[in-house]
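Take a look at the structure set out below.
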Amino acid sequence: MKALLSITALLFALTFSVAATANSRESHSYMEKAISRLPHDKAEAFHAVMRQAHEQNKDLYDQMHGLHQDLHNILTADTFDRDAFVAKSNEIRELHDKAAANLDAAFASAVAQLSQKERKTVALAMTKEHKAEKAQKAAEKAQ
């Protein structure tokens with residue numbers, strides 16, 4: 001029973017990490033295509049704001065990396081500590097939420113510098129590209 005619980009917890013942790021990474025990559029890809037539809041100078045300014053936000057989140061990312069190592073240690077310990085696992089997962093989630101809030105604020109700041117027409121261009125491109133990527137992933141799963 002303990003082995004089953006440990007394996008289940010490990011799979012949960014790995015699934016959470018992989019899903020978060022995949023979601024981040026998917027988001028980046030379709031956002032990049034949307035931003036590329038802006039005039040060059042506006043796209044560069046947009047990228048600069050987002051790069052700055054990522055740089056500001058660097059400490060949070062480093063903390064998350066350490067917490068993931070702690071989570072690994074909890075999962076591979078001789079005895080599984082459920083409470084420690086849940087607490088560490090919550091810490092990771094809180095840091096992830098802080099980093100996401102910082103990126104949301106930076107995105108809002110970058111978008112605020114665009115005209116309504118440019119915001120519409122980005123919004124339409126985001127929707128179109130996101131739907132296209134989801135359709136592609138669904139097609140790949142079906143194969």
Side-chain angles (χ1 to χ4, degrees), residues 2-77 80-143:
K2 286 182 182 180
L4 180 60
L5 182 60
S6 294
I7 291 170
T8 303
L10 179 61
L11 289 174
F12 171 80
L14 291 173
T15 301
F16 179 78
S17 296
V18 169
T21 302
N23 190 26
S24 173
R25 286 189 186 135
E26 176 184 314
S27 175
H28 175 74
S29 175
Y30 79 83
M31 278 303 304
E32 185 60 39
K33 289 177 183 175
I35 294 167
S36 72
R37 294 209 168 92
L38 293 172
H40 181 74
D41 61 327
K42 298 276 183 135
E44 286 300 313
F46 201 103
H47 284 284
V49 169
M50 297 310 292
R51 272 192 302 274
Q52 183 179 11
H54 280 285
E55 189 62 33
Q56 290 172 343
N57 276 346
K58 190 173 182 330
D59 288 342
L60 294 174
Y61 299 144
D62 290 343
Q63 289 175 37
M64 279 188 262
H65 178 73
L67 291 173
H68 277 285
Q69 183 59 46
D70 293 347
L71 193 64
H72 173 81
N73 294 339
I74 292 167
L75 290 169
T76 58
F80 178 69
D81 184 343
R82 182 185 187 286
D83 292 336
F85 174 82
V86 170
K88 201 59 65 178
S89 293
N90 286 335
E91 286 181 60
I92 292 169
R93 194 169 293 108
E94 287 174 15
L95 288 176
H96 184 269
D97 290 347
K98 284 181 186 178
N102 292 342
L103 292 175
D104 288 346
F107 182 86
S109 176
V111 169
Q113 298 174 28
L114 303 177
S115 69
Q116 181 185 24
K117 181 179 178 183
E118 291 164 338
R119 290 191 314 271
K120 284 182 178 181
T121 297
V122 170
L124 290 172
M126 284 172 55
T127 302
K128 178 183 173 187
E129 296 298 338
H130 189 243
K131 285 181 180 179
E133 285 194 17
K134 287 185 93 167
Q136 181 181 0
K137 286 185 181 230
E140 288 171 1
K141 281 185 178 181
Q143 292 178 357

I need the [X] [atom1] to [Y] [atom2] distance, nearest 0.5 Å.
| X | Y | atom1 | atom2 | answer |
| --- | --- | --- | --- | --- |
| H68 | L95 | NE2 | CG | 9.0 Å |
| K120 | L114 | NZ | CG | 13.5 Å |
| F46 | R51 | CZ | CZ | 12.0 Å |
| D70 | I92 | CG | CD1 | 8.0 Å |
| H54 | L103 | NE2 | CG | 5.0 Å |
| E94 | L60 | CD | CG | 11.5 Å |

*asked:* Using only atom types and a distance under 3.5 Å, with no angle test, would you say the side chain of S109 pairs donor to acceptor with the backbone of A105?
replied: no

_Under a 3.5 Å distance rule, please check whether N57 uses its side chain to pair with a backbone N or O of A99 as donor and acceptor._
yes

*Mind checking salt bridge (charged side-chain N to carboxylate O under 4.0 Å, His left out) for E91 and listing every partner two or more places apart, or none if nothing turns up?*
K88

Could you pull out the closest heavy-atom pair between [X] and [Y], with the gap in Å?
| X | Y | answer |
| --- | --- | --- |
| D81 | I74 | O-CG2, 3.9 Å |
| V49 | Q113 | CG2-NE2, 4.1 Å |
| L71 | S89 | CD1-OG, 3.9 Å |
| K42 | S115 | NZ-N, 4.4 Å |
| L75 | F80 | CD2-CE1, 3.7 Å |

*asked:* Would you say CD of Q116 has more than 12 non-hydrogen atoms from neighbouring residues, nucleotides or ligands within 6.0 angstrom?
replied: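 Open: at most 12 neighbouring heavy atoms sit under 6.0 Å from CD of Q116.
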
*Does NE2 belonging to H47 count more than 12 external heavy atoms closer than 6.0 Å?*
yes

*From the options L38, L124, V111, select the one residue that forms a side-chain contact (heavy atoms from CB on, under 4.5 Å) with R119.*
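Result for side-chain contact (heavy atoms from CB on, under 4.5 Å) with R119: V111.
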
*Stepwise, does the salt bridge (Lys or Arg N to Asp or Glu O under 4.0 Å) test hold for K58 with D62?*
CA-CA 6 Å; K58 190 173 182 330; D62 290 343; 3.7 Å; yes

_Quick check: do M64 and Y61 have side-chain heavy atoms less than 4.5 Å from each other?_
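Touching, per the 4.5 Å side-chain cut-off.
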
*Can you check side-chain hydrogen bond (donor to acceptor under 3.5 Å, both in side chains) on N73 and Q69, steps first, answer last?*
CA-CA 6 Å; N73 294 339; Q69 183 59 46; 3.2 Å; yes

